[in-house]
Structure formats: C-alpha cells, structure tokens
Amino acid sequence: MNISFEAPDKINGLMTITLEKEDYQGEVEKTLKDYRKRANIPGFRPGQAPMGMIKRQFGTSVKVDAVNKILGEKLYGYVQENNIHMLGEPLPSEQQEQLDFEGDAALTFKFDIAVAPEFKAELTGKDKVDYYNITVDDKLIDQQVEMYQSRAGQYEKAEQYDAEQRDMLKGDLRELDAAGNVKEDGITVSDAALMPQYMKVDDQKQLFDGCKLGDIITWNPRKAYPDSDVEVSSLLKIEKDQVAEHTGDFTFQVTEISRYVKHEVNQELFDQVFGEGNVKDIKDFRQKIADQISQQFKADSDYKFLLDVRAHMEKKVGKLEFPEAILKRVMLNNNKDKGADFVEKNFDASIKELGWHLIKEQLVAAQGIKIEDADLKSVAKEAARAQFAQYGMSNIPDEYLENYAQEMLKKRENVDGLVDRAVDVKLTAALKNVVKLNEKDITLEDFQKLLQEK
C-alpha cells in the first residue's frame, strides 16, 4: 500500500492511495468463506457449494466492499496522523482513472481534499472591542408592569360596548333575505363571538359602536372580512367553500358584553409573578422587574459583543483563501436535491460563515474551552427559562426547569444547537477578560437600531 498527499498551494489537496492485492485479499477471503457457510444454492447442501462458484457470484462485490472499507480507514487515519485540516468530505478526484475490480492489478484511488487556510487568530489586551450596557429606565419597567397586569387580567361583564376597551360581544346571528327579513332556512348561530375592532372595514366596524345588551345590529360579515373566507366560515359555522353562497346581511342581537380588565398592581399580582411573599410592595416589585430586565439585557449585550468580536477578527485576519472549486463540489454533494443554482446563490455566505467558524475554533482553543455536561444543562435551563418568560412565567421552580432541560437534551436535534450556545457563552465570558472593553451605555431603542444595522 502506498499513500501520498500533495497540496502545492496549501489549500487544494490531492491524496493518492494505491492498494495492492495483498492489502485487501485477506479480508476478501474471510468474507467469501462466511458467504459459503451461509449460502443456500440449489443442488448443494448449506456450506458445501464450491468456492469457485461463490467467488464468481460474489467475489467482485465483496472485493469492492473490502477495498472501500480499507480506503476509508487509511484515508481518515492519514489525515489525522498528519494533522491535515480537512474541510468537508474527500471527493473522488477529477483525475481519477477507470478502475478494474475484476483483475488482480494494483488499484490507485485519487481524492480531492479541501484544506483549511493557514492563519493565526489571536486576541490580547491590545484589542479594543465595544461592549454595550443597555439602560433600564422607568418606561421599560412600566411596560413590563403593564404586561404582567394584562397577563393576569380577566374578562368582566359590561353594559355597553366600547371599542377602545377591545370588548368582546356574544350574540345570536340570523341571516337575512334581500328584503331584510329573516331568511327561511338561513344560517342561525347562537352565542356567536365578535370583536368588532378587528374587522377590516371601518363602516362595518362602526355599526357596533356604543351597542348595549339586547340591541340588534344589521351588518354584513362578508363585507366586514372581505379577504378572509376563514374568518367568515368560522363565524357562520360553515365550510370555507360555502362562504360565497352567503354574502348578504345578517342581524346580530347582543346577549353579552365582556371587557378585559387588567389586574390591579397589588400583592396578589406580586405573588403571581415572583412567588408568594417574595415581593412586599410596589417599589420592590419594580426593582425585581428592573433586575429581571437587566439580566435579559446582559444576554443581548453579550450577543452583540460576540458579533463585534467577529467583525474585529475578520478584519484583523484579513481575507482567507479557500479551495472554492472543491468546496462548491462538496456543497453540491451535500445538497443534491437543490442543485447547482442553490450552491451559486449561497456559496459566498457559506464561505463567510466557514471563515468565522475557523477563526472561532482558534479562539476557543486558545482559551482552553471545553464543554461539559453541566454546561449543556445550564444553557438548556436558560433556554427553558426564556421560553417560560415569553408567557409571563418568571417564577418557575428550579426543579421544573431541570426536568425541562433534561427533556430537551434527550432530543438529538436540540443538542448541537445547545453545544454551539454553550461554546458562545463560555467564549464570550472568557474574551471579556482578554480584550479591552470599550463600555458604552445605550438605550434599548438605540441598541435595537444597532442590531438592525448588522
């Protein structure tokens, strides 16, 4: 066996592997003997068929399998032993000659290999990177208080409809004929629910302004929702394809008016949000909210910091040269169903991400970052905490978060993303102690503008 590797420009590699008969023959003979033992060939007892017949029937396919197995082992072994930083998978070379698996001559295989460019990515205290501290003002706290009030609120009965209060109406719907009379065998819906403020047409919406219990309003559902068969069919309790048959007027007799009332800012709200007895007054409540927002903003600030580290390093390292022809073939091979147009459209963005991936690899290695099970569990718990926070649930017991995180980690599709997140968290924490931070206070509005610019 002979293995050689050439990369004259350091990024386009050609690996050549030559296998002699003795390199694979032992494996072939062993496999054919196993085939003979198990072969069920008419006219012969099991295990008694002539070896010549077994070889003629299975020899070539067994040889191909044995050769491919050896090739894979030797190729990846050589790459590892010689510290070749291979990008993607090796591809059969365009220089590959036709092979004859029927004979006993040596088999020579050639593989095109994309090699990562050589460069040095390093950060020190001389590198200066912006770090944005997002300020928590009364306006943000007020918004969060109002959000908690809304989430804890409830519907109460009202006597008169008020569009400004986003009232909900319940009533009886009856279809009318062209003369304005209740249509015989027309649609009738009891306890139909309406929120007129969400109607698409103002003149229909305004028909309900100031209505009271018992009032009868004549209106047109098709005109109120001109572009939504789904809403009309749901309201009238019919199939979507039947909507076109019911474009006339309906009456709506109001039987109930419900108004959503926000929860008062009181001890009951404090206990709902932060747990019983953990907050005693409005001042403490607002401070807890401020601390909560600050913690959320820290994650946002860290995210922006890593983006800025990336921009700083990409500029510092400069343009990296990649074996584009090979990488395009690798990308096409991994996206066969999407075709060459997909590769051309997405290649530049893919190369940009690959460059950052290689830079980050060096930064991670320089900081000695290793991801342990505890790190994965920590980011899984934070992901769970963030999901619950979206629904206003900020006082989730740690045991519950622990169980939720364990369930996330059982799913393979979650693990890779959590590993990447854990790496980013640890790398960010480490680099904040390496570079010189140019700290800046910024409002949330201005911070969001900065992210949009990116």
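These numbers were taken from a predicted model, which means no experiment stands behind them.
The pair Glu382-Arg385 counts as a salt bridge, with a side-chain nitrogen and a carboxylate oxygen less than 4.0 angstrom apart. Taking 4.0 Å as the cut-off between side-chain N and carboxylate O, Asp302 and Lys298 count as a salt-bridged pair. Of the charged side-chain nitrogens involved, at least one lies within less than 4.0 Å of a carboxylate oxygen, so that Arg310 and Glu353 count as a salt-bridged pair. Salt-bridge formation is not detected for the pair Asp291/Arg286: no Lys NZ or Arg NE/NH1/NH2 atom is positioned less than 4.0 Å from an Asp or Glu carboxylate oxygen. Electrostatic pairing of Asp127 and Lys316 counts as a salt bridge here, judged by a charged N lying under 4.0 Å from a carboxylate O. For the pair Asp424 and Lys360, the salt-bridge criterion is met [side-chain N within less than 4.0 Å of a carboxylate O]. Using a cutoff of 4.0 Å between basic side-chain nitrogens and carboxylate oxygens, Arg329 and Asp112 are scored as salt-bridged. A salt bridge is defined here as a Lys NZ or Arg NE, NH1 or NH2 lying under 4.0 Å from an Asp or Glu carboxylate O, and Lys352 with Asp348 fails to meet this definition. Salt bridge annotation for Lys223-Asp203: absent, with no cationic side-chain nitrogen under 4.0 angstrom from a carboxylate oxygen. Ion pair Asp104/Lys21 flagged as a salt bridge, since at least one NZ, NE, NH1 or NH2 atom sits closer than 4.0 Å to an Asp/Glu carboxylate oxygen.
Note: Ile11 CD1 to Leu87 CG = 9.5 Å, rounded to the nearest 0.5 Å. A distance of 4.0 Å separates NE2 of His246 from CD1 of Ile187, quoted to the nearest 0.5 Å. Distance check: Leu418 CG to Arg421 CZ gives 10.0 Å after rounding to the nearest 0.5 Å. Note: Tyr76 OH to Glu81 CD = 15.0 Å, rounded to the nearest 0.5 Å. To the nearest 0.5 Å, atom CG of residue Asn12 and atom CD of residue Glu321 are 10.5 Å apart. Interatomic distance, Leu376 CG to Asn414 CG, rounded to the nearest 0.5 Å: 11.0 Å.
At least one side-chain heavy atom of Val145 sits less than 4.5 Å from a side-chain heavy atom of Val265. Inter-residue side-chain proximity for Val79 and Met15 is flagged as met; some heavy-atom pair is nearer than 4.5 Å. Tyr225 is not listed as a side-chain neighbour of Val243, based on a closest heavy-atom distance of 4.5 Å or more. Looking at heavy atoms from C-beta onward, Phe347 lies in side-chain contact with Glu324 at the 4.5 angstrom threshold. Under the 4.5 Å side-chain criterion, counting only non-hydrogen atoms from C-beta, Thr31 is not in contact with Val28. Looking at Ile442 and Lys440, their side chains never come closer than 4.5 Å, going by heavy atoms from C-beta outward. The shortest side-chain heavy-atom distance between Leu451 and Asp300 does not fall under the 4.5 Å cut-off. Using a 4.5 Å heavy-atom threshold, the side chains of Lys200 and Pro226 count as touching.
Asp375 places no side-chain N or O within donor-acceptor distance of the main-chain N or O of Ala422, the cut-off being under 3.5 Å.
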Notebook entry, point to check: Going through the distances and angles, do Asp446 and Leu450 end up as a side chain to side chain contact (heavy atoms under 4.5 Å, CB included)?
Noted result: CA-CA 6 Å; Asp446 288 341; Leu450 278 179; over 6 Å; no
Next item on the list: Output, in order, the C-alpha distance, side-chain angles, deciding distance and verdict of side chain to side chain contact (heavy atoms under 4.5 Å, CB included) for Trp219 and Leu194.
Entry: CA-CA 12 Å; Trp219 69 301; Leu194 279 180; 3.9 Å; yes
Margin query: side chain to side chain contact (heavy atoms under 4.5 Å, CB included), that's the test. Do Ile113 and Val115 meet it? Break it down for me.
Written below: CA-CA 6 Å; Ile113 292 179; Val115 182; 4.2 Å; yes
Note to self: Pair Lys377, Glu402 - check salt bridge (Lys or Arg N to Asp or Glu O under 4.0 Å), show working.
What the structure shows: CA-CA 8 Å; Lys377 185 179 291 185; Glu402 185 94 10; 3.1 Å; yes
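Applying the ring pair (Phe, Tyr, Trp, His ring centres under 6.0 Å) test to every pair with at least one member in residues 95-129, sequence neighbours left out, gives no pairs at all.
For the residue pair Glu399/Asn403, the side-chain donor-acceptor check at 3.5 Å is not satisfied. With no hydrogens or angles considered, a side-chain donor-acceptor pair links Thr108 and Thr18 at under 3.5 Å. Glu231 and Tyr198 are not linked by any side-chain donor-acceptor pair at a separation below 3.5 angstrom, with hydrogens and angles left out of the test.
Nearest heavy-atom pair, Leu235 versus Ala193, reported as atom, atom and distance to 0.1 Å: CD1-O, 3.7 Å.
For the side chain to side chain donor-acceptor pair (under 3.5 Å) test, no residue two or more places apart in sequence or in another chain qualifies with Gln204.
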Taking distance alone, no hydrogens or angles, what donor-acceptor pairs closer than 3.5 Å link side-chain atoms of residues 335-346 to residues at least two apart or in another chain?
| from | atom 1 | to | atom 2 | distance (Å) |
| --- | --- | --- | --- | --- |
| Asn335 | ND2 | Met331 | O | 2.8 |
| Glu344 | OE2 | Lys328 | NZ | 3.4 |
| Asn346 | ND2 | Phe342 | O | 2.8 |

